[in-house]
Amino acid sequence: MTANAGERVICIRNVSVSYGSRHVLKDIDLDIYRGEILVLLGGSGSGKTTLLKQVLGLLKPDTGTIRINGVDITTCPESELAAIRRHVGVAFQEAALFNSLSVEENVALPLHELTHLADSTISLMVWMKLKAVGLADAAKLFPPQLSGGMRKRAAVARAIALDPAILVLDEPAAGLDPIAAAQIDELVLFLKRAFHMTVLIVSHELVSALHIADRLAMLYQGRLIVVGTREQFLANAHPQVRKFLDRTPDPISRGIAEDFINSYLRAG
Amino acid sequence: MTSPGQAKSPPARWLEYVGALTIQFWTVIRQLRHVFPFVGKPRRWRTTVQQMYAIGASALPMAGTMSFFTGMILALQSAAELRRFGAMELVVNLVAVAFTRELGPLITAIAVSGRSASAISAEIGTMVVTEEVDALRVMGLDPVEFTFAPKYLAALITIPCLTVLSTLSGIFAGYLFLAFSIDMSFRVYVQRAAEAVQLRDVGLTLVKSLAFASIIVQVGCLEGLRAHGGPQGVGHSTTVAVVKATFLIILVDLIATGIFYAMGWSAVE
């Protein structure tokens, strides 16, 4: 694998989060190495999004530390956090593009706001990023005029606008048709190859995860139950991993379905 | 997400709300310097000008018409009574003083609250539920500076202007009534109105309108930030924003008028 012994870019230690009496994350330990693609898998409600928000510094954990490039973002001052965030590009699940701005203005926003580059340089950089995600022709369109797949690619273009060292993608393939999802996968592999980015992807799309990941991690009920390479993941014997791989429903949901069908039949 | 207000009594909830409003108010005030023309960031000032149009200029027809109608109603109602005493010309004093001190700022604030408190909370609420606010934060941009501050500055500039124009509209309605009923000339009307209104009234009115502008924008922003649960949540926050903003406007008006009365600023010299 690419860089298992390499430099740690993101280092999560003993992170626990609870809302009231509900434990959302329990003792999470996870390292992400430079230049690798790590896919964080998990079902709905497994704590994926919460962990992602911790890594982005949007929420603070109850206990534990999260280091990005050696800086603990759970305790560092806001100014230092802002400096770290410049090296992290994020594409959100719903793309989170600004609807009042065109696609190119969305991509140009971080460049205008956070750099002192000339407008001509910015337009050239925006064009390059849009070209990289295959949206050069859609530069003048507004987000509501784009298809779901195009919106996600535009979000990736905005995320890589400042040439970040780390790219974070939240459910990049959710809600897309297989072809659009495959395009996103190829885009991620291209970005890793071309810009040597470290990529963290949160997803529940198994096929795409197995295709692009250098390593996979899986969350179940707030705990990391497996972290490893594709082969290690496929060979893992943890019952939840097997269920995830075999698409087996949890017994409780099957029970509910059977109860429902039985009561329906009785009523009929 | 935890919702801290859930199990608390109504007074505690209101206290918590006013506290949150105050904290947000100071946060916005501290970011306001980035929005000013020349000294701030040019892009923020551009947004502010757009907001000045949305909050102020486009509310002028509605606020003006509402004040005009209210001015006419006030003239009609008072004339019916004053006619019995043969004091029809006192309608001038009544309309001019009532509008300058009270109805001008209040009607303007209610009109703007209905239009803009809802629009602001819908915009910010949508940004929250579509993760745009998170996107700003992870880009290293402050949502307060980026979206709240331009709106606040725009309201601070335009709402006092709107108040003046809508007050004039209400007073003009009084003139139209008197011109048709007792044939009063425009010159006499203006002269009498100017005698009735004191400069201090105008000053206090402008102070009130600044307070109302603060309530409209801050409540709109706070309700937007608290939106959760998709489009339905945004709809709910929009309704709550208008209700709370209008309620607070009238409450603050009562308190301000009480203070002015106690200080003896309401007395005619």
Side-chain angles (χ1 to χ4, degrees), chain A residues 17-22 24 49-50 52-53 55-59 68 73 78-101 105-116 119 143-144 151 154-155 158-159 161-162 164 166-168 170-171, chain B residues 1-8 27 30-31 34-35 40-51 53-55 119-120 122-151 154 224-225 227-231 233-234:
Chain A
V17 176
S18 48
Y19 295 145
S21 59
R22 200 162 61 87
V24 186
T49 308
T50 307
L52 183 80
K53 289 196 167 176
V55 172
L56 298 176
L58 292 170
L59 297 173
I68 296 181
I73 61 161
E78 198 66 29
S79 55
E80 211 169 335
L81 186 59
I84 288 173
R85 279 171 168 167
R86 287 194 183 203
H87 304 291
V88 184
V90 188
F92 283 89
Q93 189 173 355
E94 305 289 341
L97 297 167
F98 300 105
N99 285 335
S100 56
L101 304 178
E105 286 166 340
N106 263 289
V107 179
L109 182 74
L111 294 162
H112 277 303
E113 293 289 341
L114 302 170
T115 68
H116 297 290
D119 284 358
R151 262 207 295 278
R158 189 177 66 184
L162 289 170
I166 304 167
L167 180 63
V168 178
D170 187 9
E171 303 276 6
Chain B
M1 288 276 108
T2 47
S3 46
Q6 230 157 32
K8 290 177 186 155
T27 322
R30 282 170 53 193
Q31 295 294 336
H34 297 300
V35 183
K41 298 178 185 169
R43 299 172 69 83
R44 299 286 177 278
W45 174 244
R46 220 173 302 155
T47 316
T48 308
V49 173
Q50 285 165 356
Q51 290 296 324
Y53 178 77
I55 296 173
I120 290 171
E123 184 188 331
I124 301 209
T126 309
M127 287 180 73
V128 168
V129 300
T130 58
E131 298 178 310
E132 283 174 43
V133 170
D134 284 345
L136 281 175
R137 289 174 63 197
V138 297
M139 271 191 245
L141 301 175
D142 183 357
V144 171
E145 182 209 308
F146 196 80
T147 54
F148 295 12
K151 289 184 199 308
L225 268 189
H228 55 90
V234 176

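Every heavy atom of this structure was used, including side-chain atoms; hydrogens, water molecules and symmetry mates were not.
With a 4.5 Å cut-off on side-chain heavy atoms, A:T50 and A:Y19 count as touching. Between A:H112 and B:R43 there is a side-chain heavy-atom pair separated by less than 4.5 Å. With contacts defined as side-chain heavy-atom distances shorter than 4.5 Å, the pair B:L136/B:D142 does not qualify.
For the pair B:V35 and B:P150, the tightest heavy-atom approach, listed with the atom from each and the gap, is CG1-CA, 3.8 Å.
When heavy atoms are compared at a cutoff of 4.5 Å, A:L58 approaches chain B by way of both its backbone and its side chain. Residue A:L109 touches chain B through its side chain alone, counting heavy-atom pairs closer than 4.5 Å.
No other option in B:K41, B:R137, B:M127 has as many heavy-atom pairs under 4.5 Å with chain A as B:R137. Residue with the most contacts toward chain B among A:R158, A:Q93, A:R86, A:K53: A:R158 (heavy-atom pairs, distance under 4.5 Å).
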